[in-house]
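The first residue in the sequence is number 1, and the count goes up from there.
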Amino acid sequence: MPDLDSYLVRHALTVARENGYAEVEISADGASFSAVLEPRKAAAKAATAVVSTEPDVLYLKSSLVGYLQSISIAPGDDVKKGVRVAIVSALGLANDIESQVTGTVLELLVKPGDPVEFGQPIAAVAPA
């Protein structure tokens with residue numbers, strides 16, 4: 001009698017659990033396997049607490065490595081997500097940096113001519 005690969009059985013059970021299936025049935029090369037899965041227990045309710053998920057400060061970050069060529073925002077300016085706020089020169093090419101956040105600029109963290117790394121904050125922003 002042919003055997004089923006244990007990896008195949010484990011994978012089928014994992015996929016079934018992840019997708020909420022109650023039963024699994026596998027047939028391959030004359031061998032078969034079936035299982036009935038127990039329903040997942042409901043997660044215990046967490047204690048009621050008020051937790052703020054809103055950060056006090058957001059950061060505009062560089063999406064490139066290079067040198068800050070120019071920045072078109074200043075402290076006190078309102079900025080919207082998706083608007084060009086700076087230009088970073090990388091490998092001799094000028095690349096736009098768009099805001100990833102919406103809010104009011106609190107502070108510029110780099111100035112034109114400064115080197116910037118990928119993910120480096122270039123401005124602090126108070127969320128709108």
Taking every non-hydrogen atom, the tightest pair across Thr102 and Leu58
O-CD1, 4.3 Å
Any salt bridge (charged side-chain N to carboxylate O under 4.0 Å, His left out) pairs touching residues 97-117, not counting sequence neighbours?
Lys111-Asp114
Please round to the nearest 0.5 Å and tell me the distance separating atom CZ of Phe118 and atom OG of Ser63.
7.0 Å
Sorted by chain and number, sequence neighbours left out, salt bridge (charged side-chain N to carboxylate O under 4.0 Å, His left out) with Asp96 holds for Arg84
With hydrophobic residues grouped by side-chain heavy-atom distances under 4.5 Å, do Leu64 and Val110 end up in a single group?
yes
According to a hydrophobic-cluster definition based on side-chain heavy atoms being under 4.5 Å apart (Ile, Leu, Val, Met, Phe, Trp, Tyr only), do Tyr59 and Leu106 belong together?
yes
Do the non-hydrogen side-chain atoms of Gln100 and Leu60 ever get within less than 4.5 Å of each other?
yes
Nearest heavy-atom pair of Val85 and Ser99: which atoms, and what distance?
CG1-CB, 4.0 Å
What I'd like to find out is whether the side chain of Leu108 reaches to under 4.5 Å of the side chain of Ile73, using heavy atoms alone.
yes
Treating Ser89 as the side-chain partner and Ala94 as the backbone partner, does any N or O pair qualify as donor plus acceptor under 3.5 Å?
no
Qualifying residues under side chain to side chain donor-acceptor pair (under 3.5 Å), relative to Asn95, sequence neighbours excluded
none
Separation between CD1 (Ile122) and CD1 (Ile97), nearest 0.5 Å, reads 6.0 Å
Between Pro112 and Ser70, which heavy-atom pair has the shortest distance, and what is it?
CG-CA, 4.4 Å
For Gly119 against Lys61, the heavy-atom pair lying closest together:
O-CD, 3.5 Å
Search all heavy atoms of Asp56 against all heavy atoms of Pro127 and return the closest pair with its distance.
O-CD, 3.3 Å
Closest heavy-atom contact between Gly76 and Thr104?
O-CG2, 3.7 Å
